[in-house]
Asker: 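Provided herewith is a single structure, encoded as structure tokens, for subsequent inquiry.
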Amino acid sequence: MFDPGLFNYWIIMILMMTGLYTVIVKGNLIKKVIGLGIFQVSVIMFFVSMGKVRGGTAPIASESFEVYSNPVPHVLMLTAIVVAVATLAFALALIVRIKEAYDTIEEDEIRELEAGEEG
Amino acid sequence: MIDIIHVILFVFLAAIGVAIIRLRDLFAAVMLAGIFSLLSATLFTVMDAVDVAFTEAAVGAGISTLLMLATLSLTSSEEKPAVNRRQAMIGLVVVTITGAALIYGTLDMPRYGDPDAPIHHHMAPRFIEDSPEEIGIPNEVTSILASYRGYDTWGETTVILAAAIGVMLLFAAPPVSRRREDELFTPGEGTG
């Protein structure tokens, strides 16, 4: 059953689920953002490990190398990293505004305040 | 095709992930998230993705950590102790099922580093063979990023612009208070 060629993918799935668990279960908004970051890094790692070629080297043309890893996933993931930091900045700005408005960054306390306003 | 360095780095990453879940000190959690990024940058270098590695080290471990620390200084750096056991159990079940489904999905995938995988036989050979002559620089990742997929990169800068405008608008808006009225601080009857 155990195939060492799939070990990378399995660990990456486990890391991804660590991030997902943090996003689902943790009530603290900053913790949720950190969990989302872990999830994003795991997805990036998944793509990069698919681009690896056995015995290959980094895709920079040189006389002394024949086999290169696949450069296409690298390019796509560069874009993903930069977009991730843009969404992160926006999420953190929202958290600062939520703290100003509700004086808390815990999800359940915000829900309570909202319910109190309606009732 | 799995080297010992992969195993070590992945075990470190998993340990840090679990530690981030368990820690209630947000400052420590943010620092661990920075270490997580740096370790994954090391792993990207091992997997030949040097451009991704230095972007991750600069953006993931540098700018992201800085932004999070700035947010901590404006909010609070302590997480409330968790009380909701039921929610944690539901989360664990959901995550286990999703993870099992994803791992089942990987069984059909080409093995790590397999040169015969379909991903290496369509666009990649063209880029690897022709880009040094066509674009004139040895780094193939840069050639694709700035030339073949130039529109993609242009769209990416638009995303950053949109995020920057959004952040500025959020901070420019006048403050809104939704706290309970009895908790509101009213000037005049202050600390006395």
Side-chain angles (χ1 to χ4, degrees), chain A residues 4-11 13-15 17-18 20-22 24-25 28 30-31 34 37-38 41 45 48-50 52-54 56-61 68-72 74-75 77-79 81-83 85-86 88-90 92-97 99-103 105-106 113, chain B residues 1-2 10 13-14 17 20-21 26 29 33 40 44 47-52 55-56 59 63-64 67 71 74-75 79-80 87-88 91 94-95 99 102-103 106 111-113 115 119-120 123-124 127-128 132 138-141 144-145 149 152 156 159-160 163 166-167 170 175-179:
Chain A
L6 293 172
F7 172 80
N8 265 26
Y9 304 142
W10 291 359
I11 295 273
M13 294 312 164
I14 292 170
L15 287 179
M17 288 307 112
T18 325
L20 186 64
Y21 180 83
T22 317
I24 296 176
V25 171
N28 186 289
I30 293 182
K31 218 48 178 303
I34 295 177
I38 293 180
V41 171
M45 218 180 278
V48 167
S49 58
M50 284 195 283
K52 168 80 178 160
V53 177
R54 193 183 303 134
T57 181
I60 298 172
Y68 300 107
S69 286
N70 194 333
V72 181
H74 301 179
V75 176
M77 290 308 108
L78 279 180
T79 309
I81 291 178
V82 176
V83 171
V85 82
L88 175 81
F90 192 74
L92 291 176
L94 275 176
I95 291 176
V96 171
R97 291 293 290 180
K99 169 76 175 176
E100 277 175 14
Y102 293 91
D103 201 29
I105 50 169
E106 301 286 342
L113 287 178
Chain B
M1 197 39 217
I2 290 292
F10 272 128
L13 284 176
I20 288 176
I21 291 182
L26 289 178
S40 48
F44 293 147
M47 295 177 186
D48 295 342
V50 282
D51 299 78
V52 183
T55 310
E56 178 66 36
V59 172
I63 298 174
S64 299
L67 288 174
T71 312
L74 290 173
T75 57
E79 188 188 0
K80 206 181 62 163
Q87 197 183 358
V94 168
V95 163
L102 285 172
I103 287 178
T106 63
R111 300 303 181 252
Y112 175 70
I119 182 177
H120 304 307
M123 291 190 290
F127 286 140
I128 290 173
N139 189 332
E140 287 143 22
V141 175
I144 301 174
L145 186 78
R149 292 189 68 88
D152 196 5
E156 171 193 328
V159 170
I160 298 174
V167 169
L170 270 179
V176 189
S177 187
R178 286 167 166 275
R179 293 174 222 182

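Order of the sequence lines sets the chain letters (A, B, ...), proteins ahead of strands, with each chain counted from 1.
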Asker: In terms of heavy-atom proximity below 4.5 Å to chain B, should A:Met13 be classed as side chain, backbone, both, or neither?
Answerer: side chain

Asker: Most heavy-atom pairs under 4.5 angstrom with chain A, which of B:His120, B:Glu56, B:Gln87?
Answerer: B:His120

Asker: Heavy atoms, side chains only, cut-off 4.5 Å: are B:Phe10 and A:Ile14 in contact?
Answerer: no

Asker: Grab the two heavy atoms, one from A:Tyr21 and one from B:Ile21, that are nearest each other, plus how far apart they are.
Answerer: CD2-CD1, 3.5 Å

Asker: Which atoms form the tightest heavy-atom contact between B:Asp48 and A:Gly56, and what is the distance?
Answerer: OD2-O, 3.1 Å

Asker: Give a yes or no answer on whether the side chain of A:Glu106 reaches the backbone of B:Lys80 with a donor-acceptor pair at less than 3.5 Å.
Answerer: yes

Asker: Do the non-hydrogen side-chain atoms of A:Lys31 and B:Ile20 ever get within less than 4.5 Å of each other?
Answerer: yes

Asker: With rounding to the nearest 0.5 Å, note down the distance linking CG in B:Leu26 to CD1 in A:Ile105.
Answerer: 6.0 Å

Asker: Tell me the closest heavy-atom pair linking B:Val52 and A:His74, and the distance in Å.
Answerer: CG2-O, 3.5 Å

Asker: Sort A:Ile81 into side chain, backbone, both or neither according to what part of it lies under 4.5 angstrom from a heavy atom of chain B.
Answerer: both

Asker: Does A:Met17 reach the side chain of B:Leu102, with side-chain heavy atoms less than 4.5 Å apart?
Answerer: yes

Asker: Provide the closest heavy-atom pair for B:Gly17 versus A:Ile38 in the form atom of the first, atom of the second, distance.
Answerer: CA-CD1, 4.4 Å

Asker: Quick check on B:Pro115 against chain A: is it the side chain, the backbone, both or neither that has a heavy atom closer than 4.5 Å?
Answerer: both

Asker: Considering only heavy atoms from C-beta outward, does the side chain of A:Pro71 approach that of B:Ile128 to under 4.5 Å?
Answerer: yes

Asker: Among A:Leu94, A:Ile30, A:Leu92, A:Ile95, which has the most heavy-atom pairs under 4.5 Å with chain B?
Answerer: A:Leu92

Asker: So what's closer than 4.5 Å to chain B heavy atoms on A:Leu15: side chain, backbone, both or neither?
Answerer: side chain

Asker: Among B:Ala33, B:Pro132, B:Gly166, who wins on heavy-atom pairs under 4.5 Å with chain A?
Answerer: B:Gly166

Asker: Does atom CZ (A:Arg97) have a neighbourhood of more than 12 heavy atoms from anything else shown, all under 6.0 Å?
Answerer: yes

Asker: Between B:Thr55, B:Thr75, B:Leu74, which has the largest tally of heavy atom pairs under 4.5 Å with chain A?
Answerer: B:Thr75

Asker: Does any heavy atom of chain A fall under 4.5 Å from the side chain of B:Leu13, the backbone, both, or neither of them?
Answerer: both

Asker: Sort out for me which of A:Ser69, A:Gly37, A:Ala61 touches chain B most, counting heavy-atom pairs under 4.5 Å.
Answerer: A:Ala61

Asker: Pick whichever of A:Ile24, A:Leu88, A:Thr79, A:Thr22 has the most heavy-atom pairs under 4.5 Å with chain B.
Answerer: A:Thr79

Asker: Which value, rounded to the nearest 0.5 Å, describes the distance between A:Ile60 atom CD1 and B:Asp51 atom CG?
Answerer: 6.0 Å

Asker: Heavy atoms only: give me the nearest B:Ser40-A:Met45 pair and the separation to one decimal.
Answerer: CB-CE, 3.5 Å

Asker: Test your reading of the model: is there a side-chain donor-acceptor pair from A:Asn70 to the backbone of B:Ile119, 3.5 Å cut-off?
Answerer: yes

Asker: Counting only heavy atoms closer than 4.5 Å, note whether A:Thr57 contacts chain B via side chain, backbone, both or neither.
Answerer: backbone

Asker: For residues B:Leu67 and A:Ala89, report the shortest heavy-atom separation together with the two atoms involved.
Answerer: CD1-CB, 3.9 Å

Asker: Any idea which of A:Val85, A:Val96, A:Val83 has the most non-hydrogen atom pairs under 4.5 angstrom with chain B?
Answerer: A:Val96

Asker: If we only count heavy atoms from C-beta on, is the A:Leu6 to B:Arg111 side-chain gap below 4.5 Å?
Answerer: yes

